Each structure stands twice: as structure tokens, then as C-alpha cells.
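See below for the structure under consideration.
Fair warning: this is a prediction, and the values are worked out from it, not measured in the lab.
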Amino acid sequence: MQASNCSCSKPIRLSACGCDVVAPLVMLHRTRTPQHLFRSARHPGRARHARRNPTVAGSDPEPQPYRSLDKRQLGLRSEAEAPYRSLRVVLFGFQVLSAGVAFVIGSTQLVSALANAPRHLPLQEVAQGLAIDAAGIGIFGWLLKRDLDARDKQIARMTREEDLGSLQIELANKKTLRLAQLRQFVRIVIVAGTSQQVQDALEKAEEFREPLEERGVMVIPLPIFEDSNAEKDKQNQLIDKDLRWKATALRQGDWASWFQIQMKTANKKPEKGLYISLRMDGRVRGSGTGSPPWDRLAVALPPVSGPGAWGGLLDGFDGSV
């Protein structure tokens with residue numbers, strides 16, 4: 001994906017793939033919309049021919065190059081989200097080690113006091129010191145474990161978000177790309193369920209389509225739970241006016257596998273359908289069962305341009321819906 005034009009010589013992106021530097025979880029500036037992704041095909045027939053013939057100039061038969069974050073970059077992003085956690089881990093770990101050493105020394109003093117050895121410390125003083133050391137080990141050990149568990153959960157969450165970002169979609173202009181390549185440009189809402197559940201959610205969304213489009217919301221219908229292929233094909237048909245409104249999920253087996261893992265982790269069932277709402281930086285804003293709260297999204301999210309649009313320091317903090 002080509003870098004968008006902006007006033008800065010080196011744009012900073014939150015989770016931009018292929019970038020060796022991971023910015024803090026605030027966007028310092030907004031990059032412009034990638035027009036080459038949302039450019040409509042002038043000749044639909046030629047676009048269809050281009051998909052069949054990869055040698056045609058200007059065709060996009062395969063997803064554009066994308067490189068997910070490696071372990072080191074995930075670690076940097078984790079530190080950006082929780083900048084003081086590493087410091088706390090070091091401090092708490094040092095306190096646990098210090099209290100542990102003191103407890104061992106106090107244990108030898110306790111043995112000396114019980115054995116009535118020469119020059120032994122008073123038993124009451126030794127017992128008090130051991131109690132303080134034991135309390136320090138317990139308290140700082142718990143604090144250390146809490147931070148380590150939070151870091152593990154954070155890494156697992158970011159790994160799931162990167163796996164989601166690697167899934168393929170197709171825009172209405174027949175361009176094929178990874179979901180992560182739309183980060184910082186649109187707010188993705190994924191609607192998964194049966195064909196009927198997805199269709200009902202899309203019909204509800206049409207009522208709020210104009211304000212949602214102003215807020216950069218792009219819907220990805222995902223009828224992955226049973227039903228006929230004919231219904232799926234009908235829902236996946238895109239027209240030119242859907243270019244910034246709706247995209248088609250490709251290789252739906254990969255999408256279904258990702259959702260199965262999430263349902264197993266969260267102990268959720270798809271009886272009423274599922275939805276996932278993403279922030280502009282690719283992080284999960286919210287998820288749940290049933291239809292997405294289109295009315296709340298249309299009110300709570302800021303526009304992506306024009307009056308009321310956020311810019312600068314608060315970019316990316318775009319609501320909890």
C-alpha cells in the first residue's frame with residue numbers, strides 16, 4: 001500500500017504494517033485518504049478481465065503487499081499502550097528479590113535465636129523482620145504477577161487483532177487488500193451470522209447510512225453460519241456507490257476460523273449473530289451479539305473530515321461503542 005501524501009516527511013502510524021517504528025496509541029497527525037484504493041474502475045468489463053488476466057496493466061489480482069507486526073513490534077506497541085508497565089515490572093521484581101534475600105537471612109537468624117546461639121538477635125525482633133519480609137514478598141509478588149498477566153493478555157489481544165488485519169477483503173472497485181491496509185482511513189464494522197441475520201443488520205444500517213459514511217464507517221457482511229451460497233452471493237454483490245460503505249470478505253473460511261477461535265475464547269454463541277467494531281487504528285472498539293448499535297455509532301463517532309472532525313492529539317480515541 002502506497003504511503004499517503006502528508007505534510008510530514010515520515011508519517012507516523014499506529015499499527016502500520018511494514019513500519020519499523022510503532023507510534024504511541026495516539027495519531028500525531030491524520031494522513032490523507034488513499035485515493036488509489038478508493039478509485040472507481042472506469043471500465044467494469046476491463047476490471048473483470050484484469051482479475052482473470054494478472055498481466056493486464058493496472059490490475060490487482062492479488063492482495064497488495066502486507067507485513068504483519070512481528071514479536072518485537074508487538075512488544076513496542078505493548079509498551080506504547082502501557083508505557084510504565086516495564087518500569088513497574090522491574091521495580092516490583094527487584095522488591096520481590098530484595099524481600100526474598102532478606103527472608104532467607106532472617107530465617108538463619110531465627111534458627112540462631114531458637115538455638116540460643118551466642119550474640120543472637122532477640123527472637124521477637126527476628127520474627128517481626130520475617131513477617132515484614134514475607135508481607136513484602138506477597139504484596140510485590142502479587143503486583144508483579146498482575147502486570148505480567150496484563151501484558152500477556154495485551155499481547156494476545158494484539159495478536160488476534162493482527163490476525164484479523166491479515167484477512168482479505170475486496171472493495172467495490174475490485175481492488176483486493178488486507179483489512180489492516182484500511183487502518184487510519186475507515187472504521188470497520190464486521191457483521192457475522194446467518195444470511196438472514198446479516199441482511200437484517202444491513203437493512204437497519206441503511207437508515208443511518210449517510211451519518212455513518214460521514215464518520216468513515218465501512219461494513220463487512222459475513223454470512224458464515226450456514227445458509228445457501230446463493231444468499232451469500234447476493235449479499236456480497238457490490239455497486240459503485242458501495243465503494244466507501246461496504247466491502248466483501250474473501251476466503252470466508254479464514255474469517256470463519258477467526259470467529260470460531262474468538263467465540264471459544266469468549267464463550268459466545270452465534271444464535272443471534274455477532275458484530276465487531278474496530279477503531280481507525282485497527283483496535284477492537286466493541287463487540288457483541290445481535291445487530292450493531294448503528295444509532296449509537298452514528299452519534300458517538302466523530303466525522304472523519306469537515307466540522308467536528310478530530311485532528312492531532314486525540315485521533316484514534318473515537319468512542320467506546
Query - Heavy-atom closest contact (Leu123 atom, Ala113 atom, distance) - result: CD1-CB, 4.0 Å

Query raised in the report: Can Leu121 be reached from Leu114 by stepping across I, L, V, M, F, W or Y side chains whose heavy atoms are under 4.5 Å apart?
Result: yes

Query raised in the report: Trp294 side chain to Arg209 main-chain N or O, any donor-acceptor pair under 3.5 Å?
Result: no

Query raised in the report: Is the closest side-chain heavy-atom distance between Met263 and Leu274 below 4.5 Å?
Result: yes

Query - Name of the residue among Thr176, Leu250, Leu177 meeting side-chain contact (heavy atoms from CB on, under 4.5 Å) with Ile169 - result: Leu177

Query - Shared hydrophobic cluster for Val96 and Leu130 (ILVMFWY, side-chain gaps under 4.5 Å) - result: no

Report summary line: What one should report as the nearest heavy-atom pair of Gly136 and Ala99 is C-CB, 4.2 Å

Report task. Quick one: do Gln260 and Ile224 satisfy side-chain contact (heavy atoms from CB on, under 4.5 Å)? Show the steps, please. Result -> CA-CA 10 Å; Gln260 292 293 342; Ile224 55 176; over 6 Å; no

Query raised in the report: If you round to the nearest 0.5 Å, how far is CZ of Phe185 from CZ of Arg244?
Result: 11.0 Å

Query raised in the report: Are any non-hydrogen side-chain atoms of Leu179 and Ile220 less than 4.5 angstrom apart?
Result: yes

Query raised in the report: Are the charged groups of Asp281 and Arg283 less than 4.0 angstrom apart, N to O?
Result: yes

Query raised in the report: Does a salt bridge link Glu206 with Lys246, judged by any charged N lying under 4.0 Å from a carboxylate O?
Result: no

Query raised in the report: Hey, does Gln262 have a side-chain heavy atom less than 4.5 Å from the side chain of Val284?
Result: no

Requested in this report: First locate atom CZ of Arg146, then atom CZ of Arg85, and finally report the distance between them rounded to the nearest 0.5 Å.
Outcome: 10.0 Å

Report task. Give, for atom CH2 of Trp245 and atom CG of Leu212, the distance between the pair rounded to the nearest 0.5 Å. Result -> 4.5 Å

Report task. Report the C-alpha distance between Val191 and Ser291 in whole Å, list the side-chain angles of each, state the deciding distance to 0.1 Å, and finish with yes or no for side-chain contact (heavy atoms from CB on, under 4.5 Å). Result -> CA-CA 7 Å; Val191 182; Ser291 178; over 6 Å; no

Query raised in the report: Hey, is CD on Glu203 packed in by over 12 heavy atoms from elsewhere, all under 6.0 Å?
Result: yes

Report summary line: For Ser277 and Val189 the tightest heavy-atom approach is OG-CG2, 4.2 Å

Requested in this report: Look at the side chain of Glu125 and the backbone N and O of Pro122, then say whether any donor-acceptor pair between them is shorter than 3.5 Å.
Outcome: no

**Report entry** Nearest-0.5 Å distance that lies between atom CZ in Arg157 and atom CD in Glu162
**Finding:** 10.5 Å

Query raised in the report: How long is the gap from CD on Gln168 to OG1 on Thr248, to the nearest 0.5 Å?
Result: 12.5 Å

Requested in this report: Grab the two heavy atoms, one from Met218 and one from Ala247, that are nearest each other, plus how far apart they are.
Outcome: SD-CB, 3.9 Å

Report task. For His120 and Asn116, work out which heavy atoms get closest and say how close. Result -> NE2-OD1, 3.0 Å

Report task. For the residue pair Ile137 and Phe103, establish whether any side-chain heavy-atom pair is separated by less than 4.5 Å. Result -> yes

**Report entry** Any side-chain heavy-atom pair of Trp258 and Ile276 under 4.5 Å
**Finding:** yes

Requested in this report: Report the C-alpha separation of Leu164 and Leu278 in whole Å, then their side-chain angles, then the decisive distance to 0.1 Å, and conclude whether the side-chain contact (heavy atoms from CB on, under 4.5 Å) test is met.
Outcome: CA-CA 10 Å; Leu164 177 62; Leu278 303 182; 4.0 Å; yes

Query raised in the report: Just wondering, are more than 12 heavy atoms of other shown residues or ligands nearer than 6.0 Å to CZ in Arg88?
Result: yes

Query raised in the report: When rounded to the nearest 0.5 angstrom, what is the spacing between CG in Leu202 and CD in Gln197?
Result: 12.0 Å

Query raised in the report: Are Phe94 and Leu143 linked, directly or through other ILVMFWY residues, by side chains that come within less than 4.5 angstrom of each other?
Result: no

Query raised in the report: Considering all heavy atoms of both residues, which atom of Glu161 and which atom of Arg183 are nearest to each other, and what is their separation?
Result: O-NH2, 3.5 Å

**Report entry** Heavy-atom check, side chain of Phe259 versus side chain of Leu222, under 4.5 Å
**Finding:** yes

Query raised in the report: So, Arg187 side chain and Val217 main chain: donor-acceptor pair closer than 3.5 Å or not?
Result: no

Report task. Begin with the C-alpha distance, continue with both residues' side-chain angles, and end with the deciding distance and a verdict on side-chain contact (heavy atoms from CB on, under 4.5 Å) for Arg251 and Leu167. Result -> CA-CA 8 Å; Arg251 302 182 64 176; Leu167 298 178; over 6 Å; no

**Report entry** Joint hydrophobic cluster, Trp142 plus Leu148, side-chain heavy atoms closer than 4.5 Å
**Finding:** yes

